[in-house]
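For reference, the structure is listed below as structure tokens.
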Amino acid sequence: MTGDEQTADVESALRSYGISVEEIDGGDPLELTYMTAFPGREVHHGEIGRALNTLIDRAEADEWDPVRVEATVVRSPGDVLGTWHAEPEWFEALMTYEISEAEFSTRVLETLSHADEPAESEGQS
């Protein structure tokens, strides 16, 4: 399977999980831009979960080799709501039961940034 075929398969799988893929580059890192179905002020955590579950399912079925995932969430084309990422080691640790699903989710959510947040807000209460 070529890289283009793998990317098309990942895109198709994401769409089947309800992720509205705007753009995808299946290289390393996998760069994903998707349009949220929840265009509020914050990135919807359930939507992140659906995208990640798609990738986890594909990895467990040996249909995707985990790489860093860099996701950009948009409200509409060009209107960025936020970004998040996941490291390949996190996928591997989850699949080998070294970390729990809760730990995996926590790690990803700690990378979440919203476009409306000032850069200095990280780590502040």
Side-chain angles (χ1 to χ4, degrees):
M1 181 178 297
T2 68
D4 288 344
E5 289 171 327
Q6 265 192 333
T7 300
D9 286 348
V10 169
E11 179 176 356
S12 175
L14 286 163
R15 289 184 185 281
S16 75
Y17 272 71
I19 302 300
S20 179
V21 177
E22 290 291 300
E23 192 173 326
I24 189 167
D25 178 350
D28 187 358
L30 177 119
E31 296 176 4
L32 168 65
T33 300
Y34 65 91
M35 188 174 305
T36 183
F38 307 93
R41 294 180 44 90
E42 295 185 353
V43 175
H44 191 268
H45 294 184
E47 208 166 43
I48 295 171
R50 284 199 315 273
L52 290 168
N53 283 333
T54 303
L55 298 172
I56 292 164
D57 288 351
R58 294 191 62 75
E60 288 176 337
D62 290 327
E63 296 171 347
W64 180 69
D65 293 324
V67 296
R68 179 181 167 99
V69 176
E70 296 179 354
T72 302
V73 185
V74 297
R75 292 181 188 101
S76 61
D79 182 10
V80 175
L81 177 58
T83 62
W84 56 266
H85 74 266
E87 298 295 338
E89 303 83 43
W90 302 348
F91 289 98
E92 298 290 345
L94 178 65
M95 291 186 304
T96 58
Y97 304 102
E98 294 172 35
I99 63 171
S100 67
E101 290 177 5
E103 174 65 20
F104 181 86
S105 295
T106 298
R107 290 180 184 191
V108 173
L109 291 177
E110 286 175 348
T111 73
L112 179 60
S113 67
H114 293 95
D116 296 340
E117 290 180 350
E120 289 78 29
S121 72
E122 263 185 51
Q124 293 181 354
S125 304

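All values derive from a computational prediction rather than experimental measurement.
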Handout entry: ILVMFWY cluster, Y17 and I48 together (side-chain gap under 4.5 Å)
Key = no
Practice task
Examine distances only and state if a side-chain atom of E92 and a backbone atom of P66 form a donor-acceptor pair shorter than 3.5 Å.
Solution key: no
Fill in the blank from the handout: Correct closest heavy-atom pair for I19 and E47 would be CD1-O, 3.6 Å
Handout entry: Separation of T36 OG1 from E42 CD (nearest 0.5 Å)
Key = 11.5 Å
Practice task
Run the numbers on I24 and Y34 for side chain to side chain contact (heavy atoms under 4.5 Å, CB included), then give the verdict.
Solution key: CA-CA 8 Å; I24 189 167; Y34 65 91; over 6 Å; no
Handout entry: Pairwise distance CZ(F104) to CG(L109) - rounded to 0.5 angstrom
Key = 10.0 Å
Problem - Check: G40 main-chain N/O paired with R75 side-chain donor or acceptor under 3.5 Å - result: yes
Handout entry: Expected output: side-chain S12 to main-chain D9 donor-acceptor under 3.5 Å
Key = no
Handout entry: More than 12 heavy atoms of other groups within 6.0 Å of E98 CD
Key = yes
Handout entry: Cluster check L94, V10: I/L/V/M/F/W/Y, side chain < 4.5 angstrom
Key = yes
Exercise for the section: Indicate, with yes or no, if V73 and F38 share a hydrophobic cluster defined by side-chain heavy-atom contacts under 4.5 Å among Ile, Leu, Val, Met, Phe, Trp and Tyr. Expected result: no
Exercise for the section: Dump the intermediate steps for side chain to side chain contact (heavy atoms under 4.5 Å, CB included) on E70 and T83, then the final yes or no. Expected result: CA-CA 7 Å; E70 296 179 354; T83 62; over 6 Å; no
Practice task
Give a yes or no on whether V21 and V67 share a hydrophobic cluster (residues Ile, Leu, Val, Met, Phe, Trp, Tyr; joining criterion: side-chain heavy atoms under 4.5 Å apart).
Solution key: yes
Exercise for the section: Please name the pair of heavy atoms, one in H45 and one in L112, separated by the smallest distance, quoted to 0.1 Å. Expected result: NE2-CD2, 3.7 Å
Exercise for the section: Dump the intermediate steps for side chain to side chain contact (heavy atoms under 4.5 Å, CB included) on I99 and R107, then the final yes or no. Expected result: CA-CA 10 Å; I99 63 171; R107 290 180 184 191; 3.6 Å; yes
Practice task
Measure from the side-chain N and O atoms of T33 to the backbone N and O of E22, and report whether any donor-acceptor pair falls under 3.5 Å.
Solution key: no
Handout entry: Common cluster, L52/M95, ILVMFWY with side-chain heavy-atom separation under 4.5 Å
Key = no
Handout entry: Donor-acceptor contact below 3.5 Å, side chain T106 vs main chain A102
Key = yes
Problem - Whether W90 and H85 hold their rings parallel, tilted or perpendicular, with breakpoints at 30° and 60° - result: parallel
Practice task
Determine whether more than 12 heavy atoms belonging to other residues, nucleotides or ligands lie under 6.0 Å from atom CZ of R15.
Solution key: yes
Exercise for the section: Nearest 0.5 Å please: distance from the CG atom of L55 over to the CG atom of D65. Expected result: 12.0 Å
Problem - Sole residue of E87, E89, E31 in salt bridge (charged side-chain N to carboxylate O under 4.0 Å, His left out) with R68 - result: E87
Fill in the blank from the handout: What one should report as the nearest heavy-atom pair of V108 and A86 is CG2-CB, 3.9 Å
Practice task
Please say whether more than 12 non-hydrogen atoms of neighbouring residues, nucleotides or ligands are located less than 6.0 Å from CD in E103.
Solution key: yes
